[in-house]
Amino acid sequence: MRLMTYNSIYQKIKISGNGCILFSSDRALNDQSRRLESMTVHRPCANGFALLIHSMPSPLFQPAQAFVSRRNSLDLLKRFTETRNLNLGKAINAHLIRMFQLDLIQANYLINLYVKCGQLHLARRLFDIMPERNNVSGNALMAGYFHAGFPLEALDVFKSMDLSQLSCGPNEYMLTTLLASCAEVRALEEGQQCHEYALKSGLVSHSYVRNALLHMYSKCSGMEDALQVFRTIPSFDIFAFNSIINGFLEHGQLNYAMEVVSGMVKEVAWWDHVSYVAVLGLCADSKDLNLGRQIHSQILRRGVEFSVFVGSAIVDMYGKWGDVQSSRCAFDGLLNKNVVSWTAVMAICTQNGCFEEALKLFLEMEVVGFRPNEFTYAVALNACAGLSALKNGDALNAHAEISGYKAHLTVGNALINMYSKSGSIDDAKRVFTSMPHHDIISWNSIITAYSHHGLANEALEAFHKMLKEEVPTYVTFIGVLSACGHLGLVDEGFYYLNHLMREVGIRPGVEHYTCIIGMLCRAGLLDEADRFMRYTCVDWDIVAWRTLLSACQVHRNYGLGQKVGEHILKLDPDDVGTNILLSNMYAKAHRWDGVVNIRKLMRERDIKKEPGVSWIQVRNETHVFASEDKKHPWMSQINEKVAELIAQIKLIGYVPNIGSVLHDVEDEQKEEYLRYHSEKLAIAFGLICTPPGAPIHVMKNLRMCDDCHIATKLISVVTNRKIIVRDANRFHCFESGICSCDDYW
DNA sequence: GACTTATACC
């Protein structure tokens, strides 16, 4: 009877091609056999094995004789690896150890199983206690580390291995993994050693090894080395072509990438979805709309595997062309979405200024159950930065902290940017100091942040600290030179421009030269700035000229201002900013004929001044105020507050700047107009809605007007509040009657 | 016997 049952179980499992396990306890046998008999045919092996193995620790079920044939154990391990069945894999592991059956091959199978189930620590533990290891054991673990994003650990495993254990040197598998890890950590020297070994051992003729070599060189060194390997490939190899295109793409050598693609066109039957991803990326970067659309339709026509990779690449391509609509459309049509495609579409929205849309997508993504990753947080924070949405940014900060992503560099960097653009320089600084590591982006972000907030000394101090750790970049010097401008450090500015930049090999661009113009202007050296612009061989843009014009307005140098203004209007007669600046300048000089003239020209050319709008976030809601806006539900309270504030600040010297009002009306009415400037309304609303002492953050789409600037300084005194206004140009931090811009903006 | 290469979001 007992034997029959054994046999029937054995046969059943054997017939289905699985394992064979025999136990001796009567009860166990009866129980198990009954359960085994009733098993469904679909997963007899897994269930049967689980029942038997799981019963083993119980004293009732002591196996008198448990047996898994070696062949069967390997079959089971293979199956459990394919189905990622960690528990049964562990059970076999326990069983084999108990039976003193665990040999090298089985252990290698197990390492692979643990690796594939994402249990690197288990793989590692097994690896460490193995009495004997070979190429396969090492490589299974190394590949595990590599794929999990720990290439350094993969290299460490290799270094820690006693190579005499390998009967021969590393085989083609291990060499491939080694090269891939070197590529990832940009270890050129080690990669070259691998190359030498590959040549000596003859493994270089192996296509995997060759492709890994090619990829390693394209990552760690120039494309020349990669091409040398590429030329040794005897026949068309899609892997190699894909790697070469991606290499050129990463090095920004788009023309070469395009050449390779042209060469691939006749082999188009062999393209795989990675090729499509690469070519779509090329079309995105080179703005080749024609080819991009062709490729997109070809993908649809040929029914190319529409992986998340291909989908995200299409979303990204349309977005990089600035076509948010098509990008969004492509995204909505994706059948396979993942965090990356969601993040891609959010990034596209953010890059094209659709910040609210990006934040909406972030919420939607969570609703449908995708967890954001570090890139998602970075993108969402950038969207907040674009909106100066401090509250949302704060919430995201907490969110990222809870989910453990705050420790990532990209998130830290995005937080610095968000806090800085939202007017909270203290928080930006706090994030920067609390970060365990800084990269060049972190440094650039904090330097630029200090600069924008007028904290030029801090910016330069950070810059000098940075020089001890990192090599400055193009962006670094924009922050540094604008800091020099704030401090009036003309000599230092020129030193950085002419010497330090050359020393580190950065060619100054128009942004740097514009900082120099700003610096000269700020120091009152308007004629020098004008001369510098006329005699330096720089492709000056409108922004640069407007910097000079704006300075003429501030310094009341109307003669030069008129000359510069006319020059700009020759370049672009429709430039709104210039027209407004000129008209303000004429108004300041009481040159009403000039004002009327500009307004007439603007009317004729149908140039409309963007209406002034200010906004403020209170308790997660954004309240928008336009000038002379009467729509806000709290308007009567706001008006009352404005009147109260004006009365208070008049006592300490406020005189309404009615000279700046262009309307052809009585002075009293002009004063009335000034009261309804959008920033005053937003500030008053902020004061009503926030507790005493809380800082007020207001954003404005245009440059803050002179009258509001004076008024806000005084309001910061009478209310004892810090008021931070981000206008079109910069931040103004009003505190105790002083503004961080030193009245120059 | 088992283990290996390239791709999308910052």
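Just so it is clear, the values below take in all heavy atoms, side chains as well, and ignore hydrogens, waters and symmetry mates. Below, chain A is the first sequence line, B the second, and so on; all start at residue 1.
The CG atom of A:Asn108 sits 10 Å away from the C1' atom of B:dG1 (whole-angstrom rounding). The distance between atom OH of A:Tyr109 and atom C1' of B:dA2, rounded to the nearest whole Å, is 5 Å. Computed from coordinates, the A:Leu76 CG to B:dA2 C1' distance equals 15 Å when rounded to whole Å. If you take CZ of A:Arg124 and C1' of B:dC3, they are 16 Å apart, rounded to a whole angstrom. Across the protein-nucleic acid pair, A:Asn72 atom CG and B:dG1 atom P stand 18 Å apart, rounded to whole Å. The distance between atom CE of A:Met142 and atom C1' of B:dA2, rounded to the nearest whole Å, is 15 Å. Taking atom OH on A:Tyr114 and atom P on B:dC3, their separation rounds to 17 Å, with Å as the unit.
The cationic atom of A:Lys78 (NZ for Lys, CZ for Arg) does not lie both less than 6.0 Å from the six-membered ring centre of A:Tyr109 and within 45° of the ring axis.
If you look at A:His195 and A:Tyr217, their ring centroids are closer than 6.0 Å. Ring to ring, A:Trp443 and A:Phe432 are close: their centroids are under 6.0 angstrom apart.
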I'd like to compare against my own output: the B/S/- annotation of nucleotides 5-10 of chain B with a strict under-4.0 Å heavy-atom distance to protein. BBBBBB
For residues 277-290 of chain A, dump all side-chain donor-acceptor pairs below 3.5 Å to protein atoms at least two apart in sequence or in another chain.
from	atom 1	to	atom 2	distance (Å)
A:Ser286	OG	A:Leu282	O	2.8
A:Asp288	OD1	A:Asn290	N	3.4
A:Asp288	OD1	A:Leu291	N	3.0

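In A:Leu359, the CG atom is crowded: over 12 heavy atoms of neighbouring residues, nucleotides or ligands sit closer than 6.0 Å.
By the 30° and 60° cut-offs, the orientation of the rings of A:Phe362 relative to A:His399 is perpendicular.
Using a 4.0 Å heavy-atom criterion, one finds that A:Leu74 contacts the bases of the nucleic acid, with or without backbone contacts as well.
For B:dA2, its base never sits under 3.5 Å from the side chain of A:Asn139 at any donor and acceptor pair.
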